[in-house]
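Structure record follows, encoded as structure tokens.
Letters go in sequence order (proteins before strands), and every chain restarts at 1.
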Amino acid sequence: MDKFEKLTGIAAPMPLVNIDTDMIIPKQFLKTIKRSGLGVNLFDEMRYNQDGSEIESFVLNKPAYRNAEIIVAGENFGCGSSREHAPWALLDFGIRCVISTSFADIFFNNCFKNGILPIVMPQEVVDVLMSDANKGANARMTIDLENQTVTTSDGQSFAFEVDAFKKHCLLNGLDDIGLTLEKVASIKTYEADMNAQRPWV
Amino acid sequence: MTAPKTLYDKIWDAHVAHEAEDGTCLLYIDRHLVHEVTSPQAFEGLRMAHRPVHAPDKTIAVPDHNVPTTLDRANAATMTEDSRIQVEALDKNAKDFGINYYPVSDVRQGIVHIVGPEQGWTLPGMTVVCGDSHTATHGAFGALAHGIGTSEVEHVLATQTLIQRKGKNMKVEITGKLRPGVTAKDITLSVIGATGTAGGTGYVIEYCGEAIRDLSMEGRMTVCNMAIEGGARAGLIAPDEKTFAYCMGRPHAPKGAQWEAAVAYWKTLFTDEGAHFDKVLTLKGEDIAPVVTWGTSPEDVLPITEVVPAPGSFKGGKVEAAQRALDYMGLEAGQKLTDIKIDTVFIGSCTNGRIEDFRAAAAILKGKKIKDGMRAMVVPGSGLVRAQAEEEGLAQIFIDAGFEWRLAGCSMCLAMNPDQLAPGERCAATSNRNFEGRQGRGGRTHLMSPAMAAAAAITGHLTDVREMM
Ligand code: SF4
């Protein structure tokens with residue numbers, strides 16, 4: 001998992017409420033053998049016409065937002081099916097942070113497992129961030145995880161809450177595997193002992 | 001003096017690489033077996049995180065679930081596209097990450113749980129995992145073996161450890177001798193019948209007693225294979241001279257001085273006198289009959305001499321489940337089990353796809369023909385089992401009787417490759433699961449031993465093999 005420390009990037013406004021995981025990545029893309037490569041189908045039905053051409057009005061198709069790394073979203077983002085393909089698709093597109101007034105539980109946890117920072121903010125702050133995001137490509141937002149602040153393009157700063165352990169994992173790029181690898185010294189010691197005791201293994 | 005330990009305690013203690021204050025352990029994994037269905041996202045995860053496989057020399061991969069078992073399978077058109085993609089992904093992952101690999105074209109290819117022991121990868125006292133629930137099979141060697149999910153597959157690939165908490169100890173003792181016509185499959189099904197499919201949940205079972213000691217290694221693998229159907233995390237049998245004899249000379253077994261040292265260690269792997277078990281079940285070997293399943297759960301098992309039970313004879317939620325099972329299976333309460341007609345016979349799978357299983361079936365089939373119109377197939381558990389059966393003349397017996405003689409794979413054990421039941425088709429199967437749709441949508445499965453399946457192939461209905469011996 002990639003570390004998440006400080007991110008300055010373009011934020012795409014998606015004020016729609018209840019964006020579910022089916023909208024994020026429709027079920028026909030779950031047969032894959034991969035976690036990567038899902039980015040092209042992120043928001044597939046909102047993003048493309050039946051014939052595969054882009055729907056111009058969709059935010060991520062607009063020139064200003066094609067390289068967005070942050071989404072400012074309406075409430076209850078990520079509800080519906082528990083598919084981990086949803087954060088995989090967001091990550092593959094390049095999204096590292098989603099800001100909303102609320103998230104569905106499983107999606108929220110799946111984000112942390114995949115190096116995405118979901119931030120919960122009160123409505124009035126989301127409103128300010130939404131209008132900042134609406135300014136387009138020249139307006140870059142800054143997320144500072146260490147200091148737990150979001151700063152708008154014109155310098156307004158807001159504090160956010162994050163679970164201390166999850167913060168530690170994100171800052172250091174640690175998933176379950178990453179945490180185990182922190183104990184790699186114990187594993188190596190064990191292996192050395194076993195090589196001596198049971199060399200045939 | 002230290003407290004007496006069970007076999008499970010000993011293997012567990014020997015593999016704790018790290019223990020956290022809350023008792024969560026990092027259990028070191030000696031052998032990681034990999035197949036094509038549960039591994040692609042795990043390898044993908046490694047790629048995305050730029051992680052190598054921690055111990056490629058302890059990682060062994062073989063495609064089995066998806067591969068066709070027909071003789072023309074070298075032709076890619078025999079596979080559906082998503083199956084082919086999964087097999088090709090395994091080819092590539094094995095190569096990119098430098099792990100041990102037996103591709104479809106290799107004579108040693110076969111079902112992962114048959115290939116592991118056959119090649120000497122599975123040895124006593126080891127920890128063995130695989131992204132497959134029937135990993136319990138390897139417990140026959142006195143190895144702690146269990147199935148894991150895809151995220152855990154990735155964890156083991158990356159770290160060679162698993163985050164685990166210790167399970168409880170359960171002893172299943174089979175005393176005395178088995179009667180003629182009764183096999184390892186009848187033991188393991190009878191144990192599930194006695195405990196129920198959740199009776200082993202949270203436990204690691206150690207099978208012991210004279211009837212278990214008397215079994216060959218093949219038979220012991222059959223017993224441990226189905227520990228998971230009883231809900232247990234793993235099944236274990238203490239290693240003995242038979243185990244050592246089976247392992248000796250296998251390609252990946254130790255040689256020379258290392259062999260001597262290994263055997264000396266393996267001889268310490270038994271449950272100490274007075275060690276504590278949280279649960280004990282004892283069955284008398286002579287009470288076990290040849291059994292078949294009548295329903296859609298492996299616990300729906302009865303001696304072949306019985307009748308289909310009435311749902312009302314059960315308690316609680318099982319009443320409804322039994323009714324549903326009878327409806328699905330197209331059976332009537334009170335019907336004699338031996339009156340149930342079948343149209344398909346499948347001999348194979350990681351439960352009963354080894355040489356001894358084929359010897360038992362061939363002994364019944366020799367000089368006989370299967371019932372007219374019967375679809376019958378024998379699918380070896382590995383290319384080497386297939387070669388040996390041909391050498392021993394068993395293959396010819398099957399072919400002469402009217403069986404199809406296939407290439408190695410999971411085949412009709414699960415409906416993931418072209419070998420499937422059509423809706424309403426009824427199969428005598430030597431595999432391990434009779435769930436709804438397991439062998440194909442609407443297909444009906446009766447589980448039994450290879451000898452019983454052979455007998456049914458001849459008569460066209462479920463049959464007491466003892467009448468044919
Ligand atoms: S033979 Fe059946 S139970 Fe065994 S590994 Fe294959 S699919 Fe699973």
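- Residue with the most contacts toward chain A among Glu154(B), His50(B), Lys58(B), Arg31(B): Glu154(B) (heavy-atom pairs, distance under 4.5 Å).
- Heavy atoms closer than 4.5 Å to chain B are found in the side chain of Glu191(A), but not in its backbone.
- Between His146(B) and Val129(B) the shortest side-chain heavy-atom distance falls below 4.5 Å.
- Electrostatic pairing of Lys267(B) and Asp240(B) does not count as a salt bridge here, judged by no charged N lying under 4.0 Å from a carboxylate O.
- Exactly one of Thr152(A), Thr149(A), Thr8(A) qualifies for a side chain to side chain donor-acceptor pair (under 3.5 Å) with Thr142(A). That residue is Thr8(A).
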Show, in sequence, the C-alpha distance, side-chain angles and deciding distance for Glu54(A) and Asn49(A), and conclude whether the side-chain contact (heavy atoms from CB on, under 4.5 Å) test is met. CA-CA 6 Å; Glu54(A) 290 184 359; Asn49(A) 291 303; over 6 Å; no
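- Looking at Arg51(B), the atoms closer than 4.5 Å to chain A (heavy atoms on both sides) all sit in the side chain, from C-beta outward.
- With a threshold of 4.5 angstrom between heavy atoms, Thr161(B) approaches chain A through side-chain atoms but not through N, CA, C or O.
- Only the side chain of Arg198(A) comes within less than 4.5 Å of a heavy atom of chain B; its backbone N, CA, C and O stay farther away.
- With a 4.5 angstrom heavy-atom cutoff, Val37(B) does not touch chain A via any of its atoms.
- Between Tyr101(B) and Leu90(B), some side-chain heavy-atom pair lies under the 4.5 Å cut-off.
- With respect to chain A, the highest number of heavy-atom pairs below 4.5 Å among Ala14(B), Ala89(B), Ala42(B), Ser39(B) belongs to Ala14(B).
- Annotation: cation-pi geometry not satisfied between Lys166(A) and Phe108(A) (NZ/CZ under 6.0 angstrom from ring centroid, within 45° of ring axis).
- Proximity to chain B is limited to the side chain of Lys183(A), based on heavy atoms less than 4.5 angstrom apart.
- Geometrically, Lys166(B) engages Tyr8(B) in a cation-pi contact defined by less than 6.0 Å to the ring centre and at most 45° from the axis.
- For a residue to count as touching a neighbouring chain, one of its non-hydrogen atoms must lie under 4.5 Å from one of that chain's; by this rule Ile85(B) touches chain A with backbone and side chain alike.
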